[in-house]
Amino acid sequence: MVIGALALQGDYEKHLQTLHRLEVDAIEVRNEQQARSVDGLILPGGESTTIGKLLNRSGLDEVIRELGREGLPLFGTCAGLILLATDIEGSDQHRLGLLEVEVRRNAFGRQIASFEADIPFQPLPDPVKGVFIRAPWVNKAGKGVQILSRYDEHIVAVQQGAILGTAFHPELTSDTRVHEYFIQLCQKRKSGNSTG
Ligand code: GLN
């Protein structure tokens with residue numbers, strides 16, 4: 001199994017380090033061939049407008065949309081969650097539009113732009129440390145979207161099928177459990193594909 005991290009801009013190296021720590025094969029994804037070779041793709045934190053433009057310019061947006069619709073597991077953190085969303089409040093920036101949520105960018109405001117908090121993550125029995133950096137939150141989630149975490153009543157982690165999104169950055173902590181959860185989604189898909 002190979003997991004990719006979209007490597008156009010942002011903190012993709014941190015995700016790759018986490019995957020290596022878990023002894024999972026992991027590659028940087030910058031082109032169509034690489035995108036089509038992975039069993040799951042991580043969209044990192046960074047600047048969603050920049051990543052969106054680069055996705056659009058390279059044509060990778062169409063490829064990832066197609067793969068996502070076919071069920072390729074996707075995991076977006078922070079800017080990655082924004083890129084996955086169908087709706088971005090007050091913005092017409094480029095996006096993939098695969099996850100039925102409306103997000104608000106930089107939602108926690110200037111005063112508390114970056115902070116850490118222990119937050120629940122529904123698939124896990126114990127809380128995880130949420131590192132929030134100019135993070136979005138989810139304003140509205142569509143019917144098929146499961147809410148995995150809230151902080152201060154705001155939705156900060158969601159899942160729709162094999163698409164996972166967190167407003168926080170698990171790759172910036174030493175706790176690998178959220179990545180392990182994503183890897184399980186990738187394993188499930190891979191074994192489903194090979195037996196079906
Ligand atoms: N504020 C950034 C954006 O809107 C996201 C920040 C992050 O990914 N840490 O794109």
Side-chain angles (χ1 to χ4, degrees), residues 3-19 26 28-30 40-58 60-61 64-65 68 73-119 121 128-141 145 147-152 154-160 163-179 181-182:
I3 296 184
L6 183 70
L8 300 176
Q9 192 266 342
D11 78 335
Y12 54 89
E13 280 173 3
K14 292 285 178 195
H15 282 286
L16 294 171
Q17 283 165 16
T18 304
L19 295 169
E28 295 180 2
V29 169
R30 291 201 178 82
L41 180 65
I42 295 178
L43 311 169
E47 182 51 51
S48 60
T49 50
T50 306
I51 302 175
K53 273 185 212 153
L54 294 170
L55 276 171
N56 181 257
R57 206 179 293 163
S58 61
L60 259 185
D61 55 351
I64 296 172
R65 248 176 239 129
L74 301 171
F75 175 20
T77 58
C78 202
L81 165 63
I82 296 167
L83 286 162
L84 285 170
T86 48
D87 296 286
I88 305 171
E89 189 183 325
S91 173
D92 61 0
Q93 67 191 78
H94 293 297
R95 71 203 65 175
L96 296 165
L98 289 164
L99 175 63
E100 281 169 45
V101 295
E102 180 190 86
V103 294
R104 177 180 299 176
R105 293 179 63 197
N106 302 320
F108 292 94
R110 282 179 185 279
Q111 298 304 318
I112 48 161
S114 302
F115 60 97
E116 291 182 11
D118 286 337
I119 51 171
F121 185 71
V128 297
K129 192 206 277 176
V131 176
F132 293 83
I133 303 171
R134 291 169 34 79
W137 69 46
V138 172
N139 287 334
K140 285 180 229 160
V145 178
I147 293 164
L148 302 186
S149 182
R150 289 178 198 264
Y151 172 73
D152 217 8
H154 302 296
I155 301 167
V156 292
V158 289
Q159 181 176 348
Q160 182 176 19
I163 302 182
L164 181 66
T166 64
F168 50 95
H169 291 269
E171 75 283 9
L172 298 182
T173 70
S174 57
D175 184 348
T176 53
R177 288 176 299 156
V178 177
H179 284 79
Y181 178 67
F182 179 62

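As the structure lists them, so they are numbered: ligands from 1, and atoms in each ligand from 1. Atom set for the values below is all heavy atoms of this structure, side chains included, hydrogens, waters and symmetry mates excluded.
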Measure from the side-chain N and O atoms of Thr173 to the backbone N and O of His169, and report whether any donor-acceptor pair falls under 3.5 Å.
no
Tell me which one of His169, Arg105, Gln93, Arg104 gets a heavy atom nearest to atom 4 (O) of ligand 1.
Arg105
Identity of the nearest option to atom 8 (O) of ligand 1, non-hydrogen atoms only, from Pro136, Gly46, Ser114:
Gly46
What atoms in ligand 1 come closer than 4.0 Å to a heavy atom of Gly45?
8 (O)
Any donor-acceptor pair under 3.5 Å from Gln160 side chain to Glu100 backbone:
yes
Under 4.0 Å to a heavy atom of Arg134 - the qualifying atoms of ligand 1, by number
1 (N), 2 (C), 5 (C), 6 (C)
In the protein, what heavy atom is nearest to atom 7 (C) of ligand 1, and what distance, to one decimal place, separates them?
Cys78 SG, 2.8 Å
Tell me, with the steps shown, if His179 and His15 meet side chain to side chain contact (heavy atoms under 4.5 Å, CB included).
CA-CA 9 Å; His179 284 79; His15 282 286; 2.9 Å; yes
Heavy-atom distance under 4.5 Å between the side chains of Leu96 and Leu74, does that happen here?
no
Under-4.0 Å heavy-atom contact with ligand 1, by part of Glu47 that carries it:
both
Nearest protein heavy atom with distance in Å, relative to atom 1 (N) of ligand 1
Asn106 OD1, 2.7 Å
Is the shortest distance from a Lys or Arg side-chain nitrogen in Glu89 or Lys140 to a carboxylate oxygen in the other one below 4.0 Å?
no
Could you tell me which atoms of ligand 1, counted from 1 in the order shown, lie closer than 4.0 angstrom to a heavy atom of Ser48?
3 (C), 4 (O), 10 (O)
Nearest heavy-atom neighbours spanning Arg134 and Cys78:
O-SG, 4.2 Å
Quick one: does any side-chain atom of Arg104 pair with a main-chain N or O of Trp137 as donor and acceptor, under 3.5 Å?
no
Using a 4.0 Å cut-off to any heavy atom of Ile82, which atoms of ligand 1 qualify?
3 (C), 4 (O), 10 (O)
Thr49, any N or O under 3.5 Å of ligand 1 N or O
no
Under 3.5 Å donor-acceptor, Arg95 side chain and Gly52 backbone:
no
Is any N or O atom of Ile133, backbone or side chain, closer than 3.5 Å to an N or O atom of ligand 1?
yes
Any N or O of Ala79 closer than 3.5 Å to N or O of ligand 1
yes
Distance flag, aromatic centroids of Tyr151 and Phe132, threshold under 6.0 Å
yes
Any idea which part of Thr77 is under 4.0 Å from ligand 1, heavy-atom wise: side chain, backbone, both or neither?
neither
